[in-house]
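Count residues from 1 along the sequence. The analysis underlying the following values was restricted to heavy atoms, covering all of them including side chains, and did not include hydrogens, waters or symmetry mates.
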Amino acid sequence: MGYTVALDVGGTFTDVALLHEASGRLWVTKTPTTSHDVSAGFITGIDKALRLAGVEAASLRHVVHGTTTATNAILEGKGAATGLLTTAGFRYVLEIGRHDIPRRANMFAWVKPARPVSPELIFEIGGRVTVEGEELEPLDETGVRAAARRLREAGVNSIAVCFLHSYANPAHERRAHALLLDEHPDCAVSLSSEVLPVFREFERSMGTVLNAYVQPLVAGYVARLVGELRPRGITAPLSIMKSNGGVIGADVVRTQAIHTALSGPAAGVIGVRRIGEAAGFADLISVDVGGTSADVCLVRGGEAEVTVEGRVGAWPLHVPMLDIHTIGAGGGSIARVTDDGMLTVGPESAGAQPGPVCYGAGGEEPTVTDAHLVLGRIPSHLLGGEITLDVERARRAVEERVAQPLGLPLAAAAQGILDIVNNNMVGALRLVSVERGYDPRDFVLVPFGGAGPLHGAELAALLAMRTVVVPRHPGVLSTFGLLGTEVRNDYARTSLQKPPDYDLGAVGAVYAALEGQARAWLAAEGVEPAGHRLTRLADLRYRHQGFELTVPWPEPDLSVDALVARFHERHRQLYTYALADAPVEIVTLRVAAAGRVRRFTLPSLDRRGAAAAQHPRRRVYFAGVGWKACPCIDRERLGVGAVVTGPAIVEQLDTTTVVPPGHRATVDRVGNLVIRAGARRPRGPRNQ
C-alpha cells in the first residue's frame with residue numbers, strides 16, 4: 001500500500017499530514033500559507049511532507065484537502081459575477097430577504113448588506129409549477145434564451161436558476177439549463193433542484209446564488225491543484241472535505257462548490273471525534289483556534305450535530321453542515337484601544353501577511369500572539385526554529401498601543417488582551433452548549449489549532465469544565481480528520497404531510513427515491529454495498545410554526561407517534577417546553593449517506609514514562625499569580641503516563657500548551673495531554 005497526504009489550508013499556516021497506509025506511520029509538518037495563491041502553499045506542503053518521509057511523489061495513493069476558498073470568497077465579497085433566473089413575480093426575493101437582524105447588530109444602526117446578485121442581473125421567467133409538482137403554466141423558453149443572451153453580453157458566466165416549487169418538479173429548471181448552455185456555452189449553471197431542493201424561496205435562492213457565486217473560483221482552484229500535481233508525478237485522486245464532515249471527489253466539487261463552505265473547520269471536528277474515541281470520551285466540545293478565527297462545535301455521544309440552518313457571513317446557508325460556530329478570535333486577532341478608551345480584540349486579524357508584530361514581516365498593531373510572547377507563554381521561535389519571533393518588537397507594540405493609552409503596566413495590558421479574547425471564545429462555547437440545552441460541565445474540552453492549547457485550560461476554568469484533552473498534534477489535527485473521514489452526501493426533498501392524514505405511502509416513496517440516489521452516488525465513489533450507511537431524518541414543526549427541527553427517523557417500522565414524541569423531546573430540550581396537544585407537520589424528508597473508503601487509527605505512543613527531571617525555565621505571567629519561573633518541557637520527550645504539574649509550559653513543533661497553576665496534566669496511551677484542575681467539583685459529570 002502507498003501513502004495518503006492530507007492538507008488543511010488555514011489563514012496563517014497550511015497543515016500537512018502524510019500517512020503510510022500499511023504501517024500507520026505518520027509524519028506531520030506545517031508551512032506558511034501563501035495568501036496570494038493558496039495553491040502554491042498547498043504544493044509546497046506536499047513537497048515538504050514527502051521530503052520529511054523520504055518517499056517519492058508516485059507513492060501517493062490519495063490526496064485529501066480542506067479548503068477555505070468558498071468561505072473566503074463569500075466573506076470578502078470576491079465571488080464571480082452572477083446572474084439569476086427566477087419565476088415571474090419573484091425578482092426581489094433576495095432583496096426582501098427576512099425581517100430578522102443579526103443577534104450582535106445594533107437594531108437602530110444595522111444596514112442590510114448588498115446582495116450577491118443585483119436586481120439588474122435577475123431575470124423573471126414565465127412558467128409555473130404547483131406545490132404538488134404539477135405544471136400550471138409552461139416554461140417561457142423564449143424568455144430563458146433572451147436572458148442567456150443578455151448575461152452573455154454582460155460578461156456574466158455564472159448563472160443560478162431558482163424556480164418556484166422546483167423541489168417538487170425540477171423539469172423547468174433542467175430545461176432552462178439546456179437552453180442556457182445552448183445560448184451561452186461558456187456559462188456555469190447552478191440549479192436549485194440540485195443545490196438545495198427544499199422549500200422557502202429566500203433560503204433556496206440564496207443557497208443557489210452562493211453556489212453560482214463561488215463555483216468558478218472553486219472550480220478554477222481545484223483545476224490548478226490538479227494541474228500542479230500531475231507534473232510532479234502525482235496521479236492520486238484529489239478529494240475535498242465538505243461542510244457536513246464527508247469528502248467528495250474533485251469533479252463533484254466543481255458543481256457543488258457551496259458544500260465546501262466549512263470544509264476546513266469540518267475536518268477539525270472529525271479529528272476531534274477521533275481523539276474522543278481514542279481517549280475514551282464521547283461528549284466533547286472542540287475549539288479550533290487558528291490565526292484568524294476560532295471554530296467551536298459540540299460532539300455528543302461521539303457524533304457532531306448537523307444543521308441545515310447555518311450561515312456564512314451575513315447569508316443563510318441551509319445546506320447540511322456540521323453545527324460549527326465561528327468567531328473572529330485567533331492568534332492574529334488585532335488588539336486596539338478605541339477613542340473612548342475601550343480595549344477590543346478582533347475580529348480583524350493580521351493574518352499571514354503581515355502577521356503579528358513579532359513576525360517582523362511588517363505588522364505594526366499588537367495581536368494575541370504578541371501578548372502571549374510578552375507574557376512568556378510561547379518561545380521566541382516557532383516550527384522548530386523555522387520562524388524566529390522578535391520579543392522586543394512585540395513588547396514595544398503592546399506598550400505603545402495598549403499599555404500607555406490605558407495607563408496599565410505592560411504585563412497587565414498583555415493579560416487584558418488574552419482575557420478579552422478568552423471571553424469572546426467563551427461566548428461561542430456557551431452558544432453551542434448552553435443555548436442548545438447542554439451543560440458544558442458535562443463535556444470535555446478539546447482545544448486544537450496552532451493557538452488552541454494556549455487558551456484551553458483557561459477557557460475550561462471560565463466554564464467550570466473539569467477536563468481538557470490536548471491532542472498529540474493539535475496544530476495539525478484537522479489533517480487527522482481528513483485522513484479518517486468517510487465519503488458523505490445528503491439528500492432532501494420537501495414533502496409536506498399534515499396531521500392527522502399522514503400519507504405514509506408518499507413518505508416511503510420519497511425516502512426510496514432519495515435512498516436510490518444515495519446508493520448510486522456511494523457506488524460511484526467506490527464504496528462497496530456492504531459499506532453503505534443510510535440514515536433517514538425528517539424536519540418537523542408545530543402547525544403555524546415558522547421553523548422546523550430535524551429528528552432521526554432511522555427505523556423503518558417507527559410509528560409517526562414515536563417520531564412526533566422525539567420532536568416534542570427535542571423541542572423541550574431547546575426551548576424548555578413542548579406543545580403535546582398541538583398538531584405536528586412533517587415538512588422535509590432527508591437521507592444522510594455515508595461510506596468509509598479508508599480507515600485511520602490514531603497511532604499509540606511508543607514511549608513511556610516522564611522526561612528528564614531538569615528542564616529549561618522561562619518566566620511566565622499568570623493572572624492573579626504574577627510572574628512564575630516555569631519549566632519548558634519538550635512534549636516529544638513525554639511518554640505514556642508522564643505527569644506535568646502546573647505551572648508549566650509544554651512545547652512542540654506545532655503549538656504550545658499552557659498548564660496553569662493548580663492544574664495537572666497526564667499523557668495517555670495515544671499521546672494526548674489530559675489536563676485536569678486540582679479541585680474537584682461536587683456534581684459528577686459524565687466525563688471525569
Side-chain angles (χ1 to χ4, degrees), residues 4-9 39 42 61-71 73 188 190-191 193-197 207-208 210-212 214-226 229 236-271 304 306 308 310 312 317-322 324 478-479 481-492 514-528 531-535 590-600:
T4 295
V5 65
L7 302 98
D8 177 50
V9 178
S39 62
F42 177 94
R61 300 285 296 276
H62 212 108
V63 181
V64 196
H65 180 30
T67 175
T68 56
T69 302
T71 311
S190 297
L191 304 182
S193 54
E194 296 177 355
V195 176
L196 193 61
T208 309
L210 289 178
N211 189 75
V214 301
Q215 185 173 334
L217 289 156
V218 173
Y221 171 65
V222 171
R224 287 198 304 276
L225 293 183
V226 174
L229 291 172
L238 172 65
S239 297
I240 308 294
M241 172 66 78
K242 293 180 62 178
S243 303
N244 65 1
V247 294
I248 51 178
D251 291 339
V252 179
V253 169
R254 292 188 176 102
T255 59
Q256 296 187 15
I258 198 59
H259 289 274
T260 67
L262 290 182
S263 175
V269 173
I270 303 302
V306 176
V308 291
V312 175
L317 187 56
H318 287 195
V319 299
M321 60 178 63
L322 295 184
I324 299 171
S478 293
T479 62
L482 292 167
L483 289 173
T485 192
E486 54 192 9
V487 294
R488 181 184 176 97
N489 213 350
D490 295 275
Y491 301 85
L514 296 177
E515 289 174 345
Q517 297 175 43
R519 292 189 187 280
W521 178 79
L522 287 170
E525 290 291 326
V527 181
E528 296 295 330
H532 294 187
R533 192 171 76 252
L534 305 181
T535 304
R590 302 181 182 275
V591 169
R596 187 172 298 282
V597 293
R598 75 186 67 84
R599 182 168 294 278
F600 170 67

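Among all heavy-atom pairs drawn from A593 and L534, the shortest one is CB-CD2, 3.6 Å. Scanning both residues, A73 and V214, for their nearest heavy atoms gives CB-CG1, 4.1 Å. Residue I324 comes nearest to A266 through the heavy atom pair CD1-N, 3.7 Å, listed as atom of the first residue, atom of the second, then distance. Across every non-hydrogen atom of L482 and G66, the tightest pair is CD1-N, 3.7 Å. For the pair P197 and A492, the tightest heavy-atom approach, listed with the atom from each and the gap, is CG-O, 3.2 Å. Closest of all the heavy-atom pairs between G310 and H318 is O-CD2, 4.0 Å.
Note: R224 CZ to L229 CG = 12.5 Å, rounded to the nearest 0.5 Å. Once rounded to the nearest 0.5 Å, the distance linking CG of L7 with CG of L225 reads 9.0 Å. Taken to the nearest 0.5 Å, the CG atom of L522 stands 11.0 Å off from the CD atom of E515. Note that the OG1 atom of T71 and the CD1 atom of I258 stand 8.0 Å from one another [nearest 0.5 Å]. Note: I240 CD1 to T260 OG1 = 7.5 Å, rounded to the nearest 0.5 Å. For the atom pair CG (L210) and CG (L196), the distance works out to 10.5 Å, reported to the nearest 0.5 Å.
For T255, there are no side-chain hydrogen bond (donor to acceptor under 3.5 Å, both in side chains) partners at least two apart in sequence or on another chain. For T68, the side chain to side chain contact (heavy atoms under 4.5 Å, CB included) test picks out N72, with sequence neighbours left out. By the ring-ring contact (aromatic ring centres under 6.0 Å, His included) test, H65 is found to be paired with F42, Y221, residues two or more places apart in sequence or in another chain being considered. Annotation: side-chain hydrogen bond (donor to acceptor under 3.5 Å, both in side chains) contacts of S243 (sequence neighbours excluded): none. For the salt bridge (charged side-chain N to carboxylate O under 4.0 Å, His left out) test, no residue two or more places apart in sequence or in another chain qualifies with E528.
Within the structure, salt bridge (Lys or Arg N to Asp or Glu O under 4.0 Å) pairs that include any residue of residues 240-253 comprise D251-R254 (at least two apart or interchain).
Considering only heavy atoms from C-beta on, L322 stays 4.5 Å or farther from L262 through its side chain.
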For the pair E525 and V252, evaluate side chain to side chain contact (heavy atoms under 4.5 Å, CB included) and give the outcome as yes or no after the intermediate values. CA-CA 10 Å; E525 290 291 326; V252 179; 4.1 Å; yes
Trace of the side chain to side chain contact (heavy atoms under 4.5 Å, CB included) decision for V306 with R488: CA-CA 12 Å; V306 176; R488 181 184 176 97; 4.1 Å; yes
Walk me through it: do L514 and Q517 pass the test side chain to side chain contact (heavy atoms under 4.5 Å, CB included)? CA-CA 5 Å; L514 296 177; Q517 297 175 43; 4.1 Å; yes
Set out, in order, the CA-CA distance, both residues' side-chain angles and the distance that settles side chain to side chain contact (heavy atoms under 4.5 Å, CB included) for V63 and V5, then state yes or no. CA-CA 5 Å; V63 181; V5 65; 3.8 Å; yes
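In this structure, the side chain of N211 engages the main chain of A257 through a donor-acceptor pair within 3.5 Å. A side-chain donor-acceptor contact under 3.5 Å links H532 to the backbone of V527. Of the possible polar contacts, none joining the D8 side chain to the T479 backbone as a donor-acceptor pair under 3.5 Å is found. A donor-acceptor pair under 3.5 Å links the side-chain atoms of S263 to the main chain of M241, judged by distance alone.
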